[in-house]
Number of protein chains: 2
Amino acid sequence: MPRRTAPDSGQQPRLATIRDVAHHAGVSVATVSRILSGTYPSAPATRAKVMRAVRELDYVANAHARGLAGVRPKSVAIVVNSVVSPHYAHVAQGVHEEAAREGRLCIVGTTGGDPDRELAAIKLMRQEQAEAVILVGNIVADDAYRERMASYARALAQAGSQLVLCGRPPLGADVPAVVVEYDNTAGAHAITGHLLSAGHRRILFLGRRTGYTTPDSRIAGYRAALAEHRVPHDPDLEVDGTMERSEGHRMMRERLDRGPRDFTAVFAGNDLIAAGARDALRERGLRVPDDVSMAGFDDLPPAADIDLTTVHVPHEELGRTAVRLALRNDRPGAAQHVLLGTHIVVRDSVRRRPGV
Amino acid sequence: MPRRTAPDSGQQPRLATIRDVAHHAGVSVATVSRILSGTYPSAPATRAKVMRAVRELDYVANAHARGLAGVRPKSVAIVVNSVVSPHYAHVAQGVHEEAAREGRLCIVGTTGGDPDRELAAIKLMRQEQAEAVILVGNIVADDAYRERMASYARALAQAGSQLVLCGRPPLGADVPAVVVEYDNTAGAHAITGHLLSAGHRRILFLGRRTGYTTPDSRIAGYRAALAEHRVPHDPDLEVDGTMERSEGHRMMRERLDRGPRDFTAVFAGNDLIAAGARDALRERGLRVPDDVSMAGFDDLPPAADIDLTTVHVPHEELGRTAVRLALRNDRPGAAQHVLLGTHIVVRDSVRRRPGV
DNA sequence: CGCAGGAGTGTAAACGGTTTAACTCCCTTG
DNA sequence: CAAGGGAGTTAAACCGTTTACACTCCTGCG
């Protein structure tokens, strides 16, 4: 027996369907579908009738029915740690822009940095049949995790969705994923060089976090620049901490508490750390750049506010590129790797070392 | 003739369906569906067979088919101006949190502040059959717009989705929308009172924008506080501008260029304006709070960075409340209005007016 | 022994679209 | 004048689920 048995509770909200439109216009559903999709020829008179019915009934096609009927749902999924963090927000902005331009809608999942929640989010996106699943942000480069991620990439490819890793290293050539990165190492190398050229020799690095890809590659650039300038590398100048403002504050405070200041410049793992460190310096009566030079990484909002020389990362372009590659790439399954460049933004936070 | 005629191009990606699982496990699709939904009794042996098949085929249910089959799609839509703006980002964070807790996924649309794009986004969300559509942000309180919005609210209600307005004024008692606001006027009133209590009498207001609901209600609070303290209201102290950092800079620069400084304190329409204004002051050698006292509104990232006394707005709670009300509200169609409170956060940006 | 009733499963009808194949006109064309 | 063909339309199959209803056992009770 048909399910729509009960006309008792007429309260059930029911949207106009394509059948209603067809009936209203006195044509068949196929005609309505064709006219609305606009891909087939139709007589102007029929067209007018149908459009009028659509308007009068306020008809919008049910996205689920359409998706089910084989039209690939026009959606892009993005999975980030958090939507408030400027880093993710700017990449997401790029994703939204490009997705909107391409007429796709965006499904957003947040993970809070938890790998399990990340995998759960991917599964959800797979159910949704998103055209592309874009993963943003750094994560532990743990082997088991990489393996799981690779298998998800394959599952997604099989389902016809493209996995995109945005701002994290590739999983391997055999894994069907597009990778859009920016060059952390080169950026860190360049800005460390900037500090070295200003005569600084003892440069404190704030925000080491071994095992995490982003800080790892930034510190690699830092070390490479030191080596190139024949400045001895002192591991004691590398301070462990995460990439938060409060951590920057803590690291600098503890450093200053420890004994006399033994550095003339600071390279913060990102702008947030720089902002926190600057606060800690000020609490001790030290000013940037008069007493201490400072550089950051990211060029996100706090940087301009505190006049910080930093490495500009093309966050939004990262997001746009991710979408573009995912959608252009008609054959999900191909691995691809794009590396975007960075550049230094000079502001008033670095002084030439006195007496050099 | 069945459509799946062509076994020629076996390249077509095809996910495992419930039929595959049923076949693999040697049971009917209904049994699989029931076991997976977990709401019907089933024999342990059957259960095990099915679960094994699911695992082996890596089956995930197609969200569209499920949505179509009557299970209301578990999704919440949020429409914002931009995802990088901290204001929207924090509200969105609250929405994401609560949606995740409720097992809903989030569809995000951005408008760039364009009413047409906003309406287009709503239409898209309606197609997606989102349970709730949450609109965040202020917008021109234009009559034609309000009328269109009201009609969308009715259309959504008819489709079984709940419209939520977050941080904007209600459309009217007869419009089926939930409104979650915070009290702009009370907050502005309180913080203006704070400046007045410190002895300030000439308080510059930056960011007037007549016709826009948020700045309008903030300036209303400012004026009310002045009146209450019997301080004459000088319209010349209200400066027009939008709520951006660059605008804050411009407004203050132009003010200082105009002639001698005729105010001792500044109440910025939001923290971004405050940050920009502070920069402009510094360029003229004026410091906050030594030379000029300053207060803002919002308590978003730039505020803590620049040590700004400001009005704390419960952004994330706004988002959480929006989702909670939308989902609890089983009968979409009821209008509802919630007003969340704000409070002052005192930092180091206000000094007692010298000589008072 | 007959039968009620419950547990477990299967069958098939929806859900609301898209699309293939067929069909109807109507106009050329040989 | 019959055959051919294109434009416009329709009927019906199909997408992958959920679920109402039917059916089959099996148990327990009068």
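These values consider heavy atoms only, across backbone and side chains, with no hydrogens, waters or symmetry-generated copies. Since we're looking at a predicted model, the values are computed, not measured. Just so it is clear: chains get the letters A, B, ... in the order the sequence lines come, proteins before strands, and each one is counted from 1.
Counting to the nearest Å, the C1' atom of D:dT18 and the CG atom of B:Asn62 are 13 Å from each other. In this structure, B:Tyr40 places its OH atom 15 Å from C1' of C:dG6, rounding to the nearest Å. For the pair B:Leu36 CG and D:dT17 P, the computed distance is 9 Å after rounding to whole Å. If you measure from atom CD of A:Gln129 to atom C1' of D:dT17, you get 12 Å, rounded to the nearest angstrom. Note: NZ (B:Lys49) to C1' (C:dG10) measures 13 Å, nearest angstrom. Between the CD1 atom of A:Ile18 and the P atom of C:dG17 there is a distance of 6 Å, rounded to whole Å.
The side chain of A:Ala61 lies closest to C:dG17, out of D:dG8, C:dG17, D:dT19.
Heavy-atom nearest nucleotides on DNA chain C were determined for B:Val27 and for A:Arg19, and the one closer to the 5' end corresponds to B:Val27. Along DNA chain C, the nucleotide nearest to B:Ile35 and the one nearest to A:Val29 differ in position, and the one closer to the 5' end is contacted by B:Ile35. Looking at which nucleotide of DNA chain D each of B:Leu68 and A:Val32 is closest to, the 5′-most match is held by A:Val32.
Considering only side-chain N and O atoms, B:Thr17 lies nowhere under 4.0 angstrom from the phosphate OP1 or OP2 of D:dG16. Remark: B:Arg66 is in phosphate contact with D:dT18, judged by side-chain N or O atoms under 4.0 Å from OP1 or OP2. Taking side-chain N and O atoms only, A:Tyr59 has a distance below 4.0 Å to OP1 or OP2 of C:dG17. Dashed line: the shortest gap from a side-chain N or O of B:Thr31 to OP1 or OP2 of C:dG10 is under 4.0 Å.
Under the 4.5 Å side-chain criterion, counting only non-hydrogen atoms from C-beta, A:Val83 is in contact with A:Thr110.
A donor-acceptor pair under 3.5 Å is absent between the side-chain atoms of A:Asp114 and the main chain of A:Thr111, judged by distance alone. Without hydrogens or angle criteria, B:Ser33 side chain to B:Val29 main chain gives no donor-acceptor distance under 3.5 Å. Looking at A:His23, its side chain never comes within 3.5 Å of a backbone N or O of A:Arg19 through a donor-acceptor pair.
Comparing the axis of the opening five pairs of the helix from C:dC1-D:dG30 to C:dG30-D:dC1 with that of the closing five pairs yields an angle of 60°, rounded to 10°.
Electrostatic pairing of A:Arg328 and A:Glu131 does not count as a salt bridge here, judged by no charged N lying under 4.0 Å from a carboxylate O. A salt bridge does not link B:Asp58 with A:Lys123: none of the charged nitrogens is closer than 4.0 Å to a carboxylate oxygen.
One donor-acceptor pair, N or O on each side, does fall under 3.5 Å between the base of C:dT20 and the side chain of A:Arg34.
As judged by a 4.0 angstrom heavy-atom cut-off over every strand, B:Ala30 is placed among the base-contacting residues. Using a 4.0 Å heavy-atom criterion, one finds that B:Ser33 contacts the bases of the nucleic acid, with or without backbone contacts as well.
In this view, A:Arg117 satisfies the salt bridge (charged side-chain N to carboxylate O under 4.0 Å, His left out) rule with no residue, not counting sequence neighbours.
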